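Step one of this worksheet: look at the structure below.
We use all heavy atoms of the structure for the numbers below, so side chains are in, but hydrogens, waters and symmetry mates are not. Because the structure is a prediction, the values reported are computed rather than measured.
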Amino acid sequence: MWSVDYVSAYLYGLKSVALVLAAIILISSLDDLFIDLVYWGRRLWRRATVYRRHARAEPADLQARDEKPLAIMVPAWQEHGVIDRMAELAATTLDYENYHIFVGTYPNDPQTQSDVEKVCARFPNVHKVVGARDGPTSKADCLNNVLDAIFQFEERAGIHFEGFILHDSEDVLSPMELRVFNHLVGRKDLIQLPVYPLPRPWTDFTSCHYLDEFAESHGKDLLVREALVGQVPSAGVGTCFSRKAVMALLSHGKGTAFDVKSLTEDYDIGLRLKGMGMKEIFVRFPMDPHGRGSPAAQGVRLGQSAREASTVCVREYFPSVARAAIRQKSRWIIGIIYQGTKTMGWSRHWGLNYFLWRDRKGVITNFAGLLATLLLLQLLALWLYQRLVPDSYQFLSIFEDNAWLTTLLVANLALLCNRALQRIYFVSSYYGIGQGLLSVPRLVWGNVINFFANWRALMQTLQAKDVRRIAWAKTEHDFPTLGGEGGAREPLGQILVAQSALTQEQLDEALAEPVRGLRLGAALVHRGLITPEQLAAAVAAQSRAHWEPFDSRQLTEALVACVPASVALHYAVVPIREEGDTLVLACESYLDPVSLAAMGRKLNRKIGYVIVPKGEVTVGLRHWYGARADGDPAPTGRPGAEGAPAATPKTAALMWHVYVGGQLLLGDILCALGHIDPAALKSVLIQRAKTHERLGEFMLARGLLTREALDEALALQQKLQPPVRELVISLSKGRVGSGPLAAEA
């Protein structure tokens with residue numbers, strides 16, 4: 001019968017396809033088996049030899065190193081509702097202070113710009129960069145604009161960043177990440193941390209199949225790659241480049257570090273740097289398994305390794321919709337396989353060529369994986385038919401007489417079992433046995449995603465006249481819920497008007513006629529329009545903090561001893577009291593979370609702060625810590641001295657009040673004059689903390705100030721700070737201005 005002929009042809013075709021697929025899968029599986037054997041052999045050898053002679057590095061080793069300046073680069077196109085939370089989480093959790101975040105935005109993306117501006121207002125080490133062209137451009141193009149902005153900031157701040165770090169707007173950073181980079185940068189030129197996707201509900205196979213792939217790749221494969229050939233492909237996030245590497249990329253690219261035509265500029269850079277002889281490393285550094293935020297502290301899941309799960313890494317959500325996952329992976333395939341083969345070719349190093357082949361074999365294996373699954377389903381259907389239907393045709397007999405096919409299938413089955421066990425182990429080590437077991441059925445769904453991603457990439461490549469001109473496709477990003485929202489800071493002048501400390505007319509006049517060398521709040525106090533207490537209340541409202549009256553003369557030596565001079569002078573704070581295990585500090589302006597966290601680490605205790613009236617901290621620093629390091633002059637004159645008339649107790653109290661409210665720090669004057677912006681000043685203060693130089697001389701020596709600019713600032717400081725003698729004379733003659741202090745007199 002004709003139907004028998006068709007069935008026979010179908011079965012013979014199925015057999016031929018099975019032979020080809022089995023051979024392809026065997027070759028790929030043996031390749032994977034080689035990586036398994038190297039990994040486990042290396043791991044056993046290091047445990048038996050290396051770690052017996054050398055202790056493992058510990059978090060304390062990272063803390064001991066001085067903080068090098070590091071720059072984090074974040075490209076952001078249409079990241080409204082994501083980028084602000086990412087920057088805020090990074091700024092509040094990173095166990096590091098000497099870093100800056102530069103967020104690249106686009107002129108035609110005002111929502112993302114607005115989000116970034118809110119963060120910049122709260123965190124002086126976060127900077128908004130607006131690119132030259134409307135978006136979307138490629139990620140590489142955005143990063144090139146960010147890099148330009150970083151170099152401009154370096155000129156203003158007089159620093160040189162030692163490390164340049166890649167991150168995406170959806171990344172959740174490990175608190176110790178920058179400590180790891182700080183420890184290695186300079187000795188290594190490309191440092192890559194593991195990436196571990198954040199888990200979604202177990203039913204979300206699309207998002208969770210990324211867990212499986214990254215857990216095995218970043219838990220095993222990249223370690224072997226780095227050990228055998230010393231080359232590490234950048235993951236695009238959690239990658240730190242040394243300054244030497246960035247300068248080499250700029251030189252090689254004739255002023256452009258990142259290839260704007262590449263869809264995977266991160267992968268491309270890893271190969272380019274290796275070709276230049278740069279040193280690359282993939283780092284798995286576990287934090288204290290029992291420390292804050294570790295799995296052991298939160299309860300270790302069954303099958304989870306407390307050490308492995310505390311690895312310093314980058315975490316993020318991956319797409320949960322199949323279409324988005326296919327689009328993202330097709331971009332990876334085009335960039336790594338099609339563009340990579342065309343632009344990078346092959347290496348002269350056979351070992352590196354082996355790993356390039358592993359990168360590129362997906363063009364075949366991604367198709368073979370799904371076809372093998374479909375073939376398996378058909379064979380399973382035939383087997384069920386033979387088992388369940390009496391006197392059925394023995395269709396599978398056509399496969400049984402082929403020894404080659406039988407051998408291939410048995411070998412592939414054994415290797416598949418090994419593949420599943422490897423996957424279960426590495427997924428379980430980080431996520432627990434539940435996710436580990438689910439990784440087996442997710443293998444099938446992952447094959448489906450990879451097949452269609454490969455097909456999409458192939459079609460795009462065939463349709464494009466030039467594979468390097470394929471448009472970059474953005475991936476939609478999610479970010480974990482953090483709780484409270486940040487929000488922008490309200491202008492100080494409007495707060496003063498709302499608090500009835502100032503009229504709108506007075507504010508408008510002050511803005512129209514600023515006092516040279518003074519920012520708005522200090523200028524209003526200087527003109528007698530508001531009191532230092534009213535300014536403190538407004539600053540507290542703007543900073544979402546509390547304020548209270550304060551007299552630095554009432555501090556005790558025991559309390560002052562709680563804060564070393566290096567900390568007090570660096571952050572312009574003095575201790576005000578202890579509340580249980582919390583040390584409350586007094587400051588005159590907003591203290592950002594980065595500075596608070598840094599002080600907490602330096603003092604090894606919980607820190608809180610309150611806003612106090614202008615001048616009290618400045619006078620307290622001069623009195624208790626002998627602060628002359630920033631070039632501030634000592635208080636001049638006292639009642640009855642230098643020909644000043646004697647003051648009554650009431651006059652003396654008012655005189656002190658006016659004197660304190662008029663005190664100014666040199667750094668504030670330099671910012672008000674526009675000689676340096678507050679973010680750059682923060683970096684300068686971090687650098688100066690290692691020396692004992694005066695602020696002005698420190699900046700002068702590094703070319704951040706001219707002698708004329710410094711002399712002008714010092715002259716303004718001397719002029720604007722009220723000497724005691726002149727105050728006594730003015731008070732005795734009833735001349736103290738026309739503002740609140742005059743009424744008080």
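Counting only distance, with no hydrogens or angles, the side chain of S310 and the backbone of M287 share a donor-acceptor pair below 3.5 Å. In this structure, the side chain of S242 does not engage the main chain of G163 through any donor-acceptor pair within 3.5 Å. Formation of a donor-acceptor pair under 3.5 Å by the N98 side chain with backbone atoms of E67 is found in this model. Counting only distance, with no hydrogens or angles, the side chain of N450 and the backbone of N447 share no donor-acceptor pair below 3.5 Å. Side chain of S251 to backbone of M247: no donor-acceptor contact under 3.5 angstrom is found. Side-chain N or O atoms of D109 include one that pairs as donor or acceptor with a backbone N or O of Q78 at under 3.5 Å. Checked by atom type and distance alone, the side chain of S330 pairs as donor or acceptor with a backbone atom of I326 at under 3.5 Å. Put simply, the side chain of T365 gets close to the backbone of K361: a donor and an acceptor are under 3.5 Å apart. When atom types are taken as modelled, the side chain of K274 and the backbone of V229 share a donor-acceptor pair closer than 3.5 angstrom. The backbone N or O of D95 lies less than 3.5 Å from a partner atom in the side chain of R179, making a donor-acceptor pair.
Note: F102 and H127 have parallel aromatic rings, judged against thresholds of 30 and 60 degrees for the angle between ring planes. Using cut-offs of 30° and 60° on the angle between ring planes, the pair Y196 and Y430 is parallel. Between F153 and F161, the two ring planes are parallel [angle under 30°; tilted spans 30° to 60°]. Between F318 and Y210, the ring planes are parallel. Angles under 30° get that label, and only those over 60° would be called perpendicular.
In this structure, R225 does not pair ionically with D221, as no charged nitrogen and carboxylate oxygen lie closer than 4.0 Å. Contact check on K128 versus E117 returns a salt bridge, with a Lys/Arg side-chain nitrogen under 4.0 Å from an Asp/Glu carboxylate oxygen.
In this structure, the side-chain hydrogen bond (donor to acceptor under 3.5 Å, both in side chains) partners of N182, at least two apart in sequence or on a different chain, are Y96.
Pairs engaging residues 205-217 under the salt bridge (charged side-chain N to carboxylate O under 4.0 Å, His left out) rule: D212-R442, E213-K329, E216-K220, E216-R419, E216-R423 [sequence neighbours left out].
Summarising the geometry of G158 relative to L704, their closest heavy-atom pair is CA-CD2, 3.0 Å, with the distance given to 0.1 Å. Residues I150 and M73 come closest through the heavy atom pair CD1-CG, 3.6 Å. The two atoms that bring H209 and G446 nearest to each other are CD2-CA, 3.8 Å, heavy atoms only. In terms of heavy-atom proximity, L147 sits nearest to A257 at CD2-CB, 3.7 Å. The shortest heavy-atom contact between I449 and A322 is CD1-CB, 4.0 Å. Summarising the geometry of V195 relative to A235, their closest heavy-atom pair is CG2-CB, 4.1 Å, with the distance given to 0.1 Å.
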Could you walk me through whether I159 and I686 satisfy the side chain to side chain contact (heavy atoms under 4.5 Å, CB included) test, starting with their C-alpha distance in whole Å, then the side-chain angles of each, then the deciding distance to 0.1 Å, before giving a yes or no? CA-CA 10 Å; I159 64 174; I686 291 175; over 6 Å; no
As a quick check of understanding, evaluate side chain to side chain donor-acceptor pair (under 3.5 Å) for W332 and T264, giving each step before the final call. CA-CA 6 Å; W332 294 350; T264 51; over 6 Å; no
Take V448 and F451, measure what side chain to side chain contact (heavy atoms under 4.5 Å, CB included) needs, and give me the verdict at the end. CA-CA 5 Å; V448 175; F451 174 87; 5.8 Å; no
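Of the inter-residue distances, the one linking L143 atom CG with S138 atom OG reads 8.5 Å to the nearest 0.5 angstrom. Taking CG from L193 and CZ from R315, the interatomic distance works out to 13.5 Å, rounded to the nearest 0.5 Å. Once rounded to the nearest 0.5 Å, the distance linking CZ of R601 with CD of Q63 reads 7.0 Å. In this structure, F258 CZ and L250 CG are separated by 8.5 Å, a value rounded to the nearest 0.5 Å. Within the model, atoms CZ of R65 and CG of L184 stand 8.0 Å from one another, a figure rounded to the nearest 0.5 Å. Rounded to the nearest 0.5 angstrom, D266 CG and L271 CG are separated by 10.5 Å.
Counted within 6.0 Å of CZ on R348, heavy atoms from surrounding residues, nucleotides or ligands total 12 or fewer; the atom is thus considered open. The local environment of CD in Q111 is sparse, with at most 12 non-hydrogen atoms from other residues, nucleotides or ligands closer than 6.0 Å. Around the NZ atom of K244, the shell of radius 6.0 Å holds no more than 12 heavy atoms that belong to other residues, nucleotides or ligands.
Under 3.5 Å, the side chains of E177 and Y99 contain no donor-acceptor pair of N or O atoms. Side-chain atoms of Y106 and T137 include a donor-acceptor pair closer than 3.5 Å. Under 3.5 Å, the side chains of T112 and W77 contain no donor-acceptor pair of N or O atoms.
With ring centers used as reference points, F282 lies under 6.0 Å from H218.
R456 forms no cation-pi arrangement with F452, by the criterion of a distance under 6.0 Å to the ring centre and an angle within 45° of the ring axis.
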